[in-house]
Amino acid sequence: MARPILLSNGSLHVGLNKFGLVHDFYYPYVGLENHAAAKSLRHKIGVWVDGAFSWLDDGAWQFTFTYPYKSLIGRTRAQNDALGIILEFEDTVDAIEDVFVRNIHIVNQQDTQRTIRLFMHQVFAIGDSSGYGDTAQYLPDDKAVLHYRGHRAFVIGGTYASGKPFDRYSVGLFGIEGHDGTYRDAEDGELWGNAVEHGRVDSVIGFELQMAGHDSSRVYYWVAAGKNPEEALVVDRRVRAEGVLHRILITDQWWHKWLEKTERFANRLDEKYQRDFINSVLLIKAHIDKRGAVIASTDTTMLNYSRDAYAYCWPRDGAYGIWPLVRLGYQEEPLQFFNFCRRSLHSRGYLMHKYQSDGALGSSWHPYVHGSVTAPPIQEDETALVLFTFAQYYQMHAEPALLHDFYSSFVKPMADFLASFVDPHTNLPKSTYDLWEEKFLTSTYTTATVYAALLAAADLADDAEDAGSAVRWRSVANDIFESAHKYLYNTERRCLYKGVFIGADGNLVYDPTVDSSSVFGSFMFGLFALNSEQIQDSIKTLQETFRTTAENPGLPRYEQDNYRRVSDESIGNPWFVTTLWLAQYHTEAGETEQALRLVDWVQGHMLSTAVLSEQINPYDGAFVSVAPLMWSQAEFVSTLLDIYIHQNE
């Protein structure tokens, strides 16, 4: 289930699902901890009117989603023709305070006086827990409901437009002792008023509105977060005193200020791309924790089917996400990311598979032992790409203090590792896992990133007056370049190899799989020239192998990619990232029209809020896997940046 609306301030992060309901609720890090991950239940919203009741997720409502204000403020419109009710939500996470707020507009579509009751339901599994040990209680002095466990607390508040607080509430149990959840209490239009419960708990608050025919009214709702009840209540009282509309205004102004760099560029684009370009930048920003982690995706739907989700910082994904922000002129977010990576750097100079938002090591399926070879469980391209991206950032902001801060503690250990982690028989990088996290080999893509990173590091060494390192890193890069041209092109298939496994004895086992990353990495990082025979042939083989057409130009990662493949008849699901790489190739080749056709195909699959998934079903275009995927959004932005720059050189 996609998240058409993401809201974040870098500490509190909320994902709304296709019913406009809270599905993911992260605090105090983006990507950690998800307090709404109660698999059996989600936050719900219900309406009682004329003796009939409907939850927003019961199939009776039609929805539209937008980001209407060029800010991370979402609008959801839900219409139920049978009830004659429209609900319009303006939602945001406050830019300053850790509070999620909703401005809710209720519209009576019928021409008669009606009593309408709106019910807002909350359910938390605090601290990524199973929900056991949580407490929910009504606070009569504060006219609020408190959920808490340990060092996490959430205060739910709400008022009518007049400022009067909600007048119905109840707390209870869900998924235990025969209880579906307290939300069931609302379905007769009344709430029992139970004031406290512990264990696996949920709560409901309610509003009653007397509305004339074709009348409308508003209520305001919020969830304030804190490390303890007192901290959350301070935020709750501030929102109550200042009002939800005031907090939304402050947040809107904050986002408009932050977006100035993006808007300056977006205004130069064809109008049809401007809104989606801006929204994609907003979605990238929504995935960035204020302490530097860049999260791959906060969509946890796959937890219902898989062992884990994507709420981690992969250094590679982070670098690709930061890159368009670097190009747009942002400094704070890239620096935070580079500092995050520096704090996470292994003592040997490499970055591990992935990390939690707090810097702890993330889950992994990569072993240290690979048959006869022992090697760190890493994807070497992640280290290389972060180093390369930092070098590009430094070129734009060549401040002596920046190099002083990062050279010895960041650049040099990473470049030294890359230069030393080379096979003596081939002069290629030693085998690690490929960027798709599946195969242990020396991939062509990884080779390209290591080559580019070493050359970029050598330039930094020149500026740091470290001549010895500069000479050594360039020498290793040159050797890699020569070896790549010797070993990595498959003359039989006329395509770059996916890679080669280098055994402990120096024996080579080639992987002839046609892989989009081999082609992209090679020309984008300069390992093979764009107009070289190797690249030109590889592009042709890529398109022939994947049987792309003008109507279906999407590229899978590689042939027979089984990850979430919808049918054995398909060669693999198209990915937005790889399709946009092909657009970037056409841009570099001066084939702008072909590049724009691919961009238009990608844009045609976006949700109304510009959200892109990881993959799509090749038969019906439905999203597959997480949505949004931050990397997909970043490649959309980067591709439009490329096209504009090449058109205006």
Side-chain angles (χ1 to χ4, degrees), residues 319-320 323 327 380-381 384-385 387-389 391-392 395 418-419 422 426-429 434-435 442-459 473-500 510-546 548 555 558 577-595 598 635 638-639 641-643 645-649:
Y320 275 118
W323 177 230
R327 299 175 72 184
E380 190 182 4
D381 72 280
L385 191 61
L387 176 55
F388 177 82
T389 306
Q392 309 314 302
Q395 285 184 6
L418 297 176
V422 173
T426 63
N427 287 329
L428 291 172
D434 70 336
L435 81 161
T442 297
S443 74
T444 299
Y445 174 86
T446 296
T447 302
T449 60
V450 171
Y451 166 72
L454 285 171
L455 289 181
D459 290 342
W473 297 339
R474 284 196 182 97
S475 176
V476 174
N478 290 335
D479 288 345
I480 289 173
F481 180 87
E482 292 181 8
S483 293
H485 285 250
K486 177 180 179 181
Y487 291 110
L488 296 182
Y489 180 68
N490 184 346
T491 55
E492 182 178 338
R493 296 199 68 180
R494 301 186 68 80
C495 188
L496 290 160
Y497 283 110
K498 181 184 184 77
V500 57
Y510 289 95
D511 186 335
T513 304
V514 175
D515 190 316
S516 300
S517 70
S518 300
V519 186
F520 168 79
S522 293
F523 80 78
M524 193 58 71
F525 295 104
L527 189 64
F528 289 87
L530 185 76
N531 59 358
S532 66
E533 177 186 358
Q534 294 93 332
I535 294 297
Q536 295 299 305
D537 286 349
S538 294
I539 289 290
K540 292 176 184 176
T541 300
L542 199 71
Q543 294 176 310
E544 290 169 0
T545 301
F546 296 145
T548 59
L555 285 187
Y558 55 86
V577 165
T578 51
T579 303
L580 288 164
W581 284 351
L582 181 57
Q584 291 167 28
Y585 162 79
H586 286 306
T587 302
E588 293 286 333
E591 300 161 353
T592 305
E593 187 175 332
Q594 290 173 266
L598 291 168
E635 292 298 348
S638 288
T639 303
L641 283 165
D642 286 352
I643 291 170
I645 290 168
H646 279 79
Q647 284 180 324
N648 292 275
E649 283 180 333

Quick one: does [X]'s side chain get under 4.5 Å of [Y]'s, heavy atoms only?
X: Asn427; Y: Glu482; value: no
X: Tyr451; Y: Thr447; value: no
X: Thr444; Y: Ser522; value: yes
X: Arg493; Y: Thr545; value: yes
X: His586; Y: Thr592; value: no

Indicate the atoms forming the closest heavy-atom contact of [X] with [Y], along with that distance.
X: Thr639; Y: Ala583; result: CG2-CB, 3.8 Å
X: Gln392; Y: Ala456; result: NE2-CB, 4.3 Å
X: Ala595; Y: Ile643; result: CB-CD1, 4.1 Å
X: Leu496; Y: Ser538; result: N-OG, 3.0 Å
X: Ser638; Y: Trp323; result: OG-CD1, 4.0 Å
X: Ala384; Y: Ala453; result: O-CB, 3.3 Å

Hey, is the main chain of Pro429 close enough, under 3.5 Å, to the side chain of Thr442 for a donor-acceptor pair?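 Confirmed, Thr442 side chain pairs with Pro429 backbone.
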Spacing of [X] atom [atom1] and [Y] atom [atom2] [to the nearest 0.5 Å]:
X: Leu435; Y: Asp381; atom1: CG; atom2: CG; result: 5.5 Å
X: Leu555; Y: Thr578; atom1: CG; atom2: OG1; result: 5.0 Å
X: Lys498; Y: Asn490; atom1: NZ; atom2: CG; result: 13.5 Å
X: Ile535; Y: Cys495; atom1: CD1; atom2: SG; result: 9.0 Å
X: Tyr497; Y: Thr491; atom1: OH; atom2: OG1; result: 6.0 Å
X: Leu580; Y: Asp642; atom1: CG; atom2: CG; result: 10.0 Å

Give the intermediate values and the outcome of side chain to side chain contact (heavy atoms under 4.5 Å, CB included) for residues Tyr487 and Leu428. CA-CA 9 Å; Tyr487 291 110; Leu428 291 172; 4.0 Å; yes
Just to verify, which of Tyr558, Trp581, Tyr585, Phe528 counts as forming a ring-ring contact (aromatic ring centres under 6.0 Å, His included) with Phe520?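 Among Tyr558, Trp581, Tyr585, Phe528, the one that satisfies the ring-ring contact (aromatic ring centres under 6.0 Å, His included) with Phe520 is Trp581.
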Which is it for Phe525 and Leu527 under the side chain to side chain contact (heavy atoms under 4.5 Å, CB included) test, yes or no, and what are the steps along the way? CA-CA 6 Å; Phe525 295 104; Leu527 189 64; 5.8 Å; no
One pair to check against side chain to side chain donor-acceptor pair (under 3.5 Å): Asp511 and Thr513. What are the steps and the verdict? CA-CA 6 Å; Asp511 186 335; Thr513 304; 2.6 Å; yes
For Arg494, all residues meeting salt bridge (charged side-chain N to carboxylate O under 4.0 Å, His left out), sequence neighbours excluded: Glu533, Asp537
Would you mind checking if Asp479 and Arg474 are paired as a salt bridge, meaning a charged N to carboxylate O distance below 4.0 Å?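 Not counted as a salt bridge, because no side-chain N and carboxylate O are separated by less than 4.0 Å.
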Assess the pair His485 and Tyr489: is the distance between their ring centroids shorter than 6.0 Å? no
